[in-house]
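The residues of the chain are indexed from 1 along the displayed sequence. If you're wondering where the values come from, they're calculated on a predicted model, not measured in any experiment.
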Amino acid sequence: MTRSIVDENFLTWEVYVSGGQPGSPEAARLFFLCLDSRLSPARFVEHESRSVAAAERDLLGLTDAELKELLARSVPNSEAPDRV
C-alpha cells in the first residue's frame, strides 16, 4: 500500500511501509520516495510500534498534513532512524 503527498516545494512523495521482523534494526519504517527527483535519497522514520501491520494501519489513517510533518522529521535512508 502507498500514499502520495505533495510537499511545500510542490514535489510529489510516495509514502510506503517497509521493514523486517519486529525488534530487528530494520523494523517498521515509513519510507518517503521523491517521485519528481529520482536522485534524491529515500527518507524514512521508524514507526514506534516496530510492527509493519500497525504502521500500515497508521499510514491509512494519517492525514496529508501529518505525513508532511513526518517527512520533515525523516532522515536519509543511510542515517539513524527517528521514531514516529
Side-chain angles (χ1 to χ4, degrees):
M1 135 151 29
T2 64
R3 297 256 318 263
S4 294
I5 58 170
V6 177
D7 70 12
E8 66 279 350
N9 296 315
F10 301 105
L11 295 174
T12 301
W13 293 83
E14 180 179 65
V15 187
Y16 62 94
V17 175
S18 182
Q21 295 296 315
S24 75
E26 292 81 31
R29 294 177 176 178
L30 287 125
F31 274 89
F32 298 84
L33 181 64
C34 186
L35 300 178
D36 294 323
S37 177
R38 295 289 183 174
L39 297 178
S40 295
R43 304 183 63 81
F44 76 94
V45 292
E46 273 191 20
H47 192 267
E48 65 185 11
S49 72
R50 303 187 60 82
S51 163
V52 171
E56 287 180 344
R57 278 192 306 273
D58 282 354
L59 180 57
L60 279 175
L62 291 169
T63 66
D64 287 355
E66 291 168 325
L67 287 173
K68 289 177 192 178
E69 289 175 23
L70 291 175
L71 173 60
R73 290 182 24 212
S74 67
V75 295
N77 193 27
S78 61
E79 293 184 21
D82 182 20
R83 293 183 189 241
V84 176

Are Leu60 and Trp13 connected, step by step, through hydrophobic side chains (Ile, Leu, Val, Met, Phe, Trp, Tyr) whose heavy atoms are closer than 4.5 Å?
-> yes

Salt bridge (charged side-chain N to carboxylate O under 4.0 Å, His left out) with Arg57: which residues, sequence neighbours excluded?
-> none

Could you walk me through whether His47 and Val52 pass side-chain contact (heavy atoms from CB on, under 4.5 Å), step by step?
-> CA-CA 8 Å; His47 192 267; Val52 171; over 6 Å; no

Measure the CD-CD1 distance between Glu66 and Ile5 for me, rounded to the nearest 0.5 Å.
-> 11.5 Å

Same cluster for Leu30 and Leu11 if Ile/Leu/Val/Met/Phe/Trp/Tyr side chains link at under 4.5 Å?
-> yes

For Val45 and Ser74, work out which heavy atoms get closest and say how close.
-> CG1-CA, 3.5 Å

Tell me, please, which residues at least two apart from Tyr16 pass ring-ring contact (aromatic ring centres under 6.0 Å, His included).
-> Phe31

Closest non-hydrogen contact found for Arg29 with Asn77 is NH1-OD1, 4.0 Å

Taking all non-hydrogen atoms of both residues into account, name the closest pair between Cys34 and Ser40 and its distance.
-> CB-CB, 4.2 Å

Trace of the side-chain contact (heavy atoms from CB on, under 4.5 Å) decision for Val75 with Phe44 | CA-CA 6 Å; Val75 295; Phe44 76 94; 4.0 Å; yes

Assess whether side-chain contact (heavy atoms from CB on, under 4.5 Å) is satisfied between Leu71 and Arg43, documenting all intermediate values.
-> CA-CA 8 Å; Leu71 173 60; Arg43 304 183 63 81; 4.2 Å; yes

Take Leu33 and Arg38 through the test side-chain contact (heavy atoms from CB on, under 4.5 Å) and record every step on the way to the result.
-> CA-CA 8 Å; Leu33 181 64; Arg38 295 289 183 174; 3.8 Å; yes

Report the distance from atom CZ of Phe32 to atom NZ of Lys68, rounding to the nearest 0.5 Å.
-> 12.0 Å

Linking I/L/V/M/F/W/Y whenever their side-chain heavy atoms sit closer than 4.5 Å, directly or via other members, would Met1 and Leu70 fall into one cluster?
-> yes

Do Asp64 and Val6 have side-chain heavy atoms sitting under 4.5 Å apart?
-> no

Do any N or O atoms from the side chain of Arg3 and from the backbone of Leu62 form a donor-acceptor pair under 3.5 angstrom?
-> yes

